[in-house]
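Worksheet: the structure to be examined is printed underneath.
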Amino acid sequence: MLKRTKIVATLGPATDSRESIKSLIEAGANVFRLNFSHGESEDHIKRAEKIRDIAKELNTYIAILGDLQGPKIRVARFAEGKIVLAKNAEFIIDVSHDREAGNSSIVGTSYNTLPKEVKSGDQLMLDDGRIQLEIIATNTTQVITKVLVGGDLSNNKGINLKGGGLSAPALTDKDKKDIVTAAKIGIDYLAVSFPRSAEDIELARKLLKEAGGDSALVAKIERAETVNDHDVLDSIILASDAVMVARGDLGVEIGDAQLIGVQKHIINRTRELNRVVITATQMMESMIHNPIPTRAEIFDVANAILDGTDAVMLSAETATGDNPAKTVQAMANVCVGAEGQKLAKTSNHRVDINFESIDEAIAMATMYTANHLKGVKAIISLTESGSTALWLSRIRSGMPIYALSRSIETLRKVALYRGVEPINFDPTALGRHDVNRLAVEELKSRDYVQDGDLVIITKGDSMGALGGTNAMKIVKVGEVN
Ligand code: G6P
């Protein structure tokens, strides 16, 4: 059975070899994430080459997502590498303190504006919220706090402000350099960390273009202020091609109890606005060391799938974990299980809106027909940019959508879309009738359909014209001529 939900797997030391990349693809990975927070530009270039080489060898299309580090705010380093913070103790974060010489009463940070951006009564969450500090006073260089929840704290752990609001610009100097690397690689998706607004995404797009790149942009939703204001969230979604529910920092800032509702809203809204959505962070966390996931993890992945996410993501599980391929395989099993549920297949989406364009109308008519006409086994979407396939895949359905395109970039890009399977096919040299016949034959040769099945084809009047989809045709396999 075709897995509809896409799996984004982060590569790292545990998955550097050709064999392990291959095993991840075979287990069900559709997109590889290169984390620009680690490694040099050369490493990323080599990894990307390796991925493309292996995908070609396996005759499949895999997208590459480059994830920019962004302005993660961190404590500096401790003289001893780590400290223990006791409850109620005083602890100072000082922008002028020696960055290598932290101790259990004071530590540096490179985020120089911190004392100006916080006030007494605010809470700082360190190390993904494991440590909590209440601010009791600030001065020009220091934030003086009382430990609310103590514990171990080691070098370079993250700092979040509960409720959000720290104003660091989304693109750091390092990110700007990494954008040049991303353009060089010709990655398929570029993920921007901590965007505050649509402008941050637009700036990343502009820099990428200037560097000669043309990838789709992913906004990582991880600041409280971007989910507290629905207009801001909408504008970020619309400025992007895809968004990521980046649950790590977002959960720390808004609290995990709120996160589940926010996840559902982001997924729903993103699909409504015709963008693609990835759900990320700690989805199969226990499998970093364990051979099987917990039931709670299985339910978390399944829940995101029932919410409608296009993709689920693995981070440390595949980058540094003990069982990368097993984890992807376990996740793929959950995907297929959840996709079988009625909720995952039925849609009331767009029942009461007007369509904006002809291709959207054709896509909606196609999905309605596919979901209701007996005997339909597949949809073939002839697509130049992936746009028709995107329209189709915004509707919940159990129907496979085969995106047939002559563009390799498009085939890689649609690897992230839920329910969409990329197939290389060039209609431009073919006559109109040959296109239908050969497209159906392509599916038949892969055993995706059999004689007697109905297939719906979407296409336009001219072959190879972007945005030109204006027809749906229903054909019976074995009788197409
Ligand atoms: C292919 C087909 C055209 C169709 C186009 C849609 O090129 O041959 O008939 O109009 O795809 O492309 P789009 O990028 O808008 O999905």
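Order of appearance sets the numbers: ligands from 1, and atoms from 1 within every ligand.
The two residues Asn303 and Gln263 have their closest heavy-atom pair at ND2-NE2, 4.0 Å.
Closest heavy-atom approach to atom 5 (C) of ligand 1 among the candidates Gly468, Ala465, Gly386: Ala465.
Between Arg269 and Asp234, at least one side-chain N (NZ, or NE/NH1/NH2) sits under 4.0 Å from a carboxylate O, which counts as a salt bridge. Under the 4.0 Å criterion applied to side-chain N and carboxylate O atoms, Asp453 and Lys444 are not assigned as salt-bridge partners.
No side-chain donor-acceptor contact under 3.5 Å links Asp178 and Gln69. Residues Thr388 and Thr469 bring a donor and an acceptor atom of their side chains to less than 3.5 Å of each other.
Residue contacts with ligand 1 for Ala389 are absent, since no atom lies close enough (heavy atoms, distance under 4.0 Å).
Polar contact check, Thr388 against ligand 1: a nitrogen or oxygen pair lies under 3.5 Å apart. Among the atoms of Gly467, some N or O lies under 3.5 angstrom from an N or O of ligand 1. For a threshold of 3.5 Å applied to N or O pairs, the pair formed by Asp359 and ligand 1 contains no separation below that value.
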Report the C-alpha distance between Ser397 and Asn371 in whole Å, list the side-chain angles of each, state the deciding distance to 0.1 Å, and finish with yes or no for side-chain hydrogen bond (donor to acceptor under 3.5 Å, both in side chains). CA-CA 7 Å; Ser397 168; Asn371 282 344; 2.8 Å; yes
For side-chain hydrogen bond (donor to acceptor under 3.5 Å, both in side chains), just list the numbers for Asn30 and Lys3, CA-CA rounded to whole Å, side-chain angles, deciding distance to a tenth of an Å, and then say yes or no. CA-CA 10 Å; Asn30 306 92; Lys3 170 174 74 63; 2.8 Å; yes
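Residues Glu285 and Asp300 fail the side-chain proximity criterion, which asks for heavy atoms closer than 4.5 Å.
The distance from ligand 1 to the heavy atoms of Pro427 drops below 4.0 Å at these ligand atoms: 8 (O). Proximity to Gly460 (heavy-atom distance under 4.0 Å) selects the following atoms of ligand 1: 3 (C), 4 (C), 9 (O), 10 (O).
Of the protein's non-hydrogen atoms, the one nearest atom 8 (O) of ligand 1 is Gly464 N, 3.0 Å. The closest protein non-hydrogen atom to atom 12 (O) of ligand 1 is Glu384 N, 3.0 Å. With hydrogens left out, the protein atom closest to atom 3 (C) of ligand 1 is Ser462 O, 3.3 Å, a heavy atom. Given atom 11 (O) of ligand 1, the protein heavy atom at minimum distance is Leu382 O, 3.1 Å.
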